Structure formats: C-alpha cells, structure tokens
There are 2 protein chains.
Amino acid sequence: MAKPMTDLMDTPAGHQHPLFPLPPGRTLDICTELHSAILEHRLAPGTKLSEDEVGEIYGASRTVVRAALQALAHSGMVAIEKNRGAFVAKPTVREAHEVFQARALIEPAVARMAAEAMTIEHLAQLKAHLDAEHAALHDGDMGKALALSGNFHTVIAEIADQQVLTQMVRSLISRSSLIIALYWKRADTACESHSHHALLKAFEERNGRAAEDLQKSHIIDLHSGLNLKQQPEATPSLAEALTRRG
Amino acid sequence: MAKPMTDLMDTPAGHQHPLFPLPPGRTLDICTELHSAILEHRLAPGTKLSEDEVGEIYGASRTVVRAALQALAHSGMVAIEKNRGAFVAKPTVREAHEVFQARALIEPAVARMAAEAMTIEHLAQLKAHLDAEHAALHDGDMGKALALSGNFHTVIAEIADQQVLTQMVRSLISRSSLIIALYWKRADTACESHSHHALLKAFEERNGRAAEDLQKSHIIDLHSGLNLKQQPEATPSLAEALTRRG
DNA sequence: TGAACAATTATTGTATACGATTTTAAATTG
DNA sequence: CAATTTAAAATCGTATACAATAATTGTTCA
C-alpha cells in the first residue's frame, strides 16, 4: 500500500514548515511557541499580544513578531485589530458551531482514509500518543493533555497522507482548543480518551467504515459538550483585566 | 427560515476582510489586487513577485508588500522561499489531486446547505453571476470568465451562511485556478456553464439532495478534465524566463 | 461629585537602512 | 573553448526610527 511516493512535498518551496507556510527562522519559532501556548491553554482567549512584549520575551524585533502574529491570524488563532494590536482569538458561539460542523464533515472522511493507509508504524505512533496523553493527565498537566488530545486528530490526518485536508484539520483543531477554553462545560476531559481508544481499535482492524462512524460520533459528542447558549463572559473586561496581570 | 441573525461577524475584530484576516489598508489592497490577477490568469504560476517590483507598482513600501505576500502564502497562492523571494504558487500534481478531493468532499455538502438556505435574492445573485460569466465569455475575456466561474462556487458557500467552510472553499477555489492554469487539457471551458445552470435549477427547486449530487458530479468532472499524468512543464526555466521579461 | 474636554502616554503602521544570502556575470585557467 | 573561480549586483532578512492612531490620565467646569 505504501507507494514509493516518499517525498511529501516536491514543490519548489519544499523546505517550509507544514503548519505555517514560512521559511525556517525566528518568525516560525515564535509562531510555534505561541501556538503551543494557546493549545495548552497557557494563553487565554482575549489576551493581548503586544508586539514589544512578545518581542522582548523572545529576543526578537517587532518586524519578526509582526510576521508571526499575522501568520497566527491566518490560522484563526489570533485576531488583529487595526491600530489596536493582536489578541488571542475569542471564537464566537457561531464560529464554535461552524468549526464543529466542519469537523463533523471533514474528519470522519479523513479517518476513513487513515484507516485504509494505516501501517504498523502508524499504529505505534498513535498508541504512543495515547500513552503520552494518559501520562500528562496523570501528572495533572491538563494543558498538555488537551494539546495532545487535539494533536491526536491531526496525526490521523497526517496518516491519511492528505496534506490539504491535514492543514484544514490542523486549523480546525487549533480553533477547537480556543472554543473549549471558552465554552467547555463538562468536568470530564478524560472521556475523550475512550473515543480515541475506540478509534485506535478500528484502525487496528483497518476498518475504515467503523473509523468514520466513530470519528463522527466523537466530534458530535465534543460539540454537545459545549455550552453554546450564552456569551462566554458576562463581564469580559473585568475577566480580561484579571487574566492580564495574573 | 431567515433568522434575525443578521450580523455575520460579532467577534471583536469584526471589521476585517472575509478573504484575508487583515485590517483594511494598503496591505489588503495589494492582496486583493494580486489575488484577482492570479484568479484571472494574468499572473502565471511560477512568476516571481519581487518585493521591490510589487512595491513600486502599487506605490508601497517593502514592509507592506511583504505582509501581503505572506498573507497570500497562507492562502496557498504564493510560495515563499528563504532568501529567494515569493513566487506565484505552482501546485504539484499531488496537490492538484488533493485539492479536488477536498472539494469533492466539502462542496457538495455546502451546496446542500445552500439549497436549504436559498432565498429569492440569492437566486437572483446567482443568476446575475451566470449572466456576467456568459458576457465575459462572449467578450472573449477568458480570464474574467474563469474567475467568475470559480467565484460561483464561493458565492454558494456564502449563501450556505457558513463562514468557516466558506473560507476553506475560497482557498480551494483559488488554488484550483492555479491548477487549471497548469493542467487544464480540455478546450471547452464553457462546459462548466452547463453544470452551473443545472445547479441553479436545483437551487430554484430548493432540492438539497439534487444540488449535492450535481455539485459532486461537477467537481469530479472538473478533476477529470485535468491532465495530471505529467509534470506541468518540461522546461520550466525557459517558460519562467519568458514570463519574467515579457 | 460627575461628566466633558485636553494633554500625555503608549502602541501600532510604515518607511528606510544595513547586513546576509543568493544569483549573475566576468575573469581566469586548464 | 569549456569549466571553474571569483567578484559584482541584486534581493531578501532584520533592526531601527519616525508618523499616525488609540488609550489613558489629569484637568476643568457645570
């Protein structure tokens, strides 16, 4: 099944990062760093990302920080407002619905493709992922566990060997992390683990149809675990002030 | 059916362009301009986009041009290579397949949603679109006709009132334009018109299922109209040299 | 006391300058 | 004459400086 098409990217710009269309450099480093921080819920939605501040933290000039922030804006993780600056994005209720509707459309199909392309190495990779997630949960590192949980979905897309869809899934997962930070109502974050293990079982059996159905149910379940009846915060300015100078 | 949810974007950064997450300004202007030029096949894939050159054309500094080029890179229309500069993207055969696979997955579902949300005004909008396309074709303005043909798909996504999916469709359509520029083998570009008219009929009948099926067939047909057996050009350097100093 | 207004501060938008890298072309040599 | 080396030119990566805009603070007046 594994065709000799080993090179993933034979475009002239084949050296750039899969997550951001940027050449290697400090710009990409800052992107990756901020991206991880957001995925691990170390940066709350609405947090101001001052160019000077970020630049001082990472020892970079405003020029490169600006490029990083704009890159994150294109991924939907950062909102840039004219003459006001960049903020960690705060998805609306509507966007939350749309993101999970899109996931329910795309990810089941991707899971089916992944099941058909699954190799022993891929299965081991997914198992390691679940183990790492379990370990993080055991250590009480909720942020890391959540980031790994989201990354599980991205890895599935990578296994499906569909770069275009992988990029879409990545963006949707990242935004889902912000949505969960704002709207998650359940206390049990470990419930995901069950779905992921079930998915793994379908993958082991190379059962594309089962993987598709499980993934669809899983995403609908995640969607239903959100409290999307109200705005995220009644007093956003106050909360922002508190989170600002924690 | 038309709910009172009139505001499309109630996020704090609600003033930015739907196509690029950029605040209004010259950066967005240059983005829009280059984007149109690429969609109308006035800029060929592989064309070098020198920062100085573009900046001189639009009377802007390199700073703003860079931001525009990076924005286009995030949409997949431009490839940036380290220390070499920006080029109009040249999708590979693999990417061409993936883009149309993604379209075949997403756009039929979007068409179904659009059919369910269709109003009289939307139908008039779509009709006007087809008329404009027909007029452009009659005037021999192939580039404009092609851009309008692609835009037809985007408008459907807008009617479906799904911003997240609309952004994805937009990106896929833009890349499709580049793919068609490189790999299209049929001479009859007007054949699309038939499919679009058939879609319009399904929309008029508010037949979601029919719209979904028609859209899927249409995209598969477009995919099959590509010559994806070979690399786009045997002597790319020559062609690039010609387009460079036209 | 509270609201409206004005001056200050801080932050972003843009332009320009300098260093690093690549490309191109000329010059040299076998 | 062709291939290689070397030097020049062009282009990009980054930093910094200045201008424009928004936020803040302090003041004044009702």
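Everything quoted here is computed from the prediction, not taken from an experiment. Chain A is the first sequence line, chain B the second, and so forth, proteins listed ahead of strands; every chain is numbered from 1.
For the ring-ring contact (aromatic ring centres under 6.0 Å, His included) with H223(B), the lone residue among Y183(B), W184(B), F100(B) that qualifies is F100(B).
Aromatic ring pairs are classed by plane angle as parallel below 30°, tilted from 30° to 60° and perpendicular above 60°; the pair H35(A) and F20(A) is perpendicular.
Atom P of nucleotide dT12(C) and atom NZ of K82(A) are separated by 13 Å, given to the nearest angstrom. For R62(A) and dT11(C), the CZ to C1' distance is 7 Å, given to the nearest whole Å. Atoms CD (Q70(A)) and P (dT14(C)) sit 10 Å apart, rounded to a whole Å. We find that CD1 of I30(B) is positioned 15 Å from P of dG13(C), with the value rounded to whole Å. Remark: P of dT22(C) and CZ of F87(B) are 13 Å apart, rounded to the nearest angstrom. Atom pair D29(B):CG and dT14(C):C1' shows a separation of 15 Å (rounding to whole Å applied). Remark: C1' of dT12(C) and CD1 of I80(A) are 11 Å apart, rounded to the nearest angstrom.
Comparing E51(B) and V64(A) by the nucleotide of DNA chain D that holds the closest heavy atom to each, the one mapping nearer the 5' end is E51(B). Take the nearest nucleotide of DNA chain D for G59(A) and for N83(A): the residue whose nucleotide is more 5' is G59(A).
Between the side chains of H122(A) and T119(A), at least one donor N or O lies within less than 3.5 Å of an accepting N or O.
When the side-chain nitrogen and oxygen atoms of R66(A) are compared with OP1 and OP2 of dT12(C), none of them lie within a distance under 4.0 Å. Taking side-chain N and O atoms only, K48(B) has no distance below 4.0 Å to OP1 or OP2 of dT22(C).
The side chain of S61(A) has dT16(D) as its nearest neighbour among dT16(D), dT14(D), dG13(C). Distance from the side chain of T63(A) is smallest for dT14(D) among the nucleotides dG13(D), dT14(D), dT12(C).
Contact of R26(B) with dG13(C) (side chain to base): no donor-acceptor pair of N or O atoms is detected under 3.5 Å. Judged by distance alone with a 3.5 Å cut-off, no donor-acceptor contact links the side chain of R84(A) to the base of dG13(C).
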Note to self: One pair to check against side chain to side chain contact (heavy atoms under 4.5 Å, CB included): I80(B) and Q70(B). What are the steps and the verdict?
What the structure shows: CA-CA 8 Å; I80(B) 296 176; Q70(B) 288 180 2; 3.8 Å; yes

Check: Would T63(B) and R66(A) count as a side chain to side chain contact (heavy atoms under 4.5 Å, CB included) if you check the C-alpha gap in whole Å, the side-chain angles of each, and the deciding distance to 0.1 Å?
Finding: CA-CA 11 Å; T63(B) 308; R66(A) 261 179 94 74; 5.9 Å; no

